[in-house]
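Reading through the structure tokens given below for one structure.
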There are 2 protein chains.
Amino acid sequence: MKSTGPRSDTVSTTGDFVSTAGAEPAQGYTLLLDDQLCFALYAASRAVTARYRPLLEELGLTYPQYLVMLVLWEQDSISVRDLGAALQLESSTLSPLLKRLEAGGLLRRERRTDDERSVAIRLTESGAQLKERARTVPMDIGDAMGLTPEQHTTTKQLLRTLTANVSQV
Amino acid sequence: MKSTGPRSDTVSTTGDFVSTAGAEPAQGYTLLLDDQLCFALYAASRAVTARYRPLLEELGLTYPQYLVMLVLWEQDSISVRDLGAALQLESSTLSPLLKRLEAGGLLRRERRTDDERSVAIRLTESGAQLKERARTVPMDIGDAMGLTPEQHTTTKQLLRTLTANVSQV
DNA sequence: CCCGATTAAGTCGTACACAACTAATTCATG
DNA sequence: CATGAATTAGTTGTGTACGACTTAATCGGG
């Protein structure tokens, strides 16, 4: 296997399969699972989450909960709305998740007095302390990913471009 | 926001790390959300799935169901086990999903006679016919992703490398 | 040939994810 | 300043995901 190297061959639009001219939707768009970037993305995302699981379990967090904590460790107080904007999650996902984190004693939710529609999320002492224990997590995962710094940066950049394009209305 | 932060743009790649020795876990591993490749991956995956949603809704499929159908359109009969291997999903995820596809009349599940532990998944006529209506989906999504063919290939390759590394036991 | 180990599919419990909706509050414009 | 539109958080219903477990069937060494 591995016909040529990684990259370099640009999908061989070089015409080594010319047949099936009619019904095929032109240039390399097939229904083959292995052709789909979307599947590579979906599989990679779940694989990374799975890799996080044992590490985060020690901290008593799930992966989405960990992402919420990342935001809160940067910014001690934030509204549900802004948290949703940062993580690109709906309130219908965040509300129960935040309730669980509150039950776990990591944060508090308090209605804002200046705008009672809004709820401020704030770390507890316990939640703030968890940051220390989480310090090594990004490095552990980074190692497991096994990409060179250049590959790491390239991937992040490509995924951001992709997300921005795909999110376009 | 964008409060400068310590070393805001990590994108150097040009080989100039300043290596903040001491408490910091060396070379660019921070707890900042925007530094995390894992988050870019998670966000991209959900954004792509969201983009698929209206297209697949017309076919009466969810995104994971669509992936199952991709496999079946390639290979008319397959065991739950092999399907799980192809999609990297557990039987506890697939079993209910397949039950829903069966209820929708797209496939049948029948116990194998030569090994009664195994269940063969097989397309119905209706399931096979759906392939035609799905033909343009990959192209529609491909367009929405807005990557050049080179970027597309590179991303797919990087994600596969990442998945393989991260899945290592 | 027998019995413990393995394998295949499925159930159950927990936690996302999101669309569609609701309730409460604030905004904006006449 | 009154009231309809917009905003914010939350609820409900459906469908993944996965670990831990169960059940049934097959395998393999003595």
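Chain naming here is simple, since letters A, B, ... match the order of the sequence lines and numbering starts at 1 in each.
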Name all residues meeting the side-chain hydrogen bond (donor to acceptor under 3.5 Å, both in side chains) criterion together with A:E132; count only those two or more places apart in sequence or in a different chain, and write none if there are none. A:R135
Please confirm whether the shortest side-chain N or O distance from [X] to OP1 or OP2 of [N] is below 4.0 Å.
X: B:S118; N: C:dA9; result: yes
X: B:R117; N: C:dA9; result: no
X: B:K99; N: D:dG15; result: no

Roughly how many Å is it from [atom1] in [X] to [atom2] in [N], rounded to a whole number?
X: A:D82; N: D:dT7; atom1: CG; atom2: C1'; answer: 13 Å
X: B:E110; N: C:dA9; atom1: CD; atom2: P; answer: 13 Å
X: B:L83; N: C:dA8; atom1: CG; atom2: C1'; answer: 13 Å
X: B:L94; N: D:dC18; atom1: CG; atom2: P; answer: 10 Å
X: A:I121; N: D:dT8; atom1: CD1; atom2: P; answer: 14 Å
X: A:R112; N: C:dT26; atom1: CZ; atom2: P; answer: 13 Å
X: A:E116; N: D:dT7; atom1: CD; atom2: P; answer: 19 Å
X: A:R51; N: D:dA17; atom1: CZ; atom2: P; answer: 21 Å

Answer yes if [X] and [Y] sit in the same cluster of Ile, Leu, Val, Met, Phe, Trp and Tyr residues linked by side chain heavy atoms under 4.5 Å apart, and no otherwise.
X: A:V71; Y: B:L32; answer: no
X: A:L83; Y: A:W73; answer: yes
X: B:L31; Y: B:L33; answer: yes

Base, sugar-phosphate alone, or nothing: which one does B:R109 contact when heavy atoms must sit under 4.0 Å apart? sugar-phosphate
When we call it a touch if two heavy atoms are under 4.0 Å apart, what does A:T49 touch: a base, just sugar-phosphate, or nothing? nothing
Pairs flagged by side chain to side chain donor-acceptor pair (under 3.5 Å) wherever residues 95-114 of chain A is involved - sequence neighbours left out: A:E102-A:R109, A:E110-A:R122
Taking the side chain as every heavy atom from C-beta outward, state whether A:F39 and B:L87 have any atom pair closer than 4.5 Å. yes
Using a 4.0 Å cut-off on protein heavy atoms (strictly under), produce a 5'-to-3' string for nucleotides 13-22 of chain C with B for base contact, S for backbone-only sugar-phosphate contact, and - for none. --SSBBBB--
Using a 3.5 Å distance criterion without hydrogens, assess whether the side chain of B:Q88 forms a donor-acceptor pair with backbone atoms of B:A85. no
Quick one: ring pair (Phe, Tyr, Trp, His ring centres under 6.0 Å) partners of B:Y66, sequence neighbours excluded? B:Y52
Donor-acceptor pairs under 3.5 angstrom involving side-chain atoms of residues 53-63 of chain B: please list them, not counting sequence neighbours.
{"from": "B:T62", "atom 1": "OG1", "to": "B:Q65", "atom 2": "N", "distance (Å)": "3.3"}
{"from": "B:Y63", "atom 1": "OH", "to": "A:C38", "atom 2": "O", "distance (Å)": "3.2"}

Quick one: bend of the helix from C:dC1-D:dG30 to C:dG30-D:dC1 from 5 pairs per end, to 10°? 20°
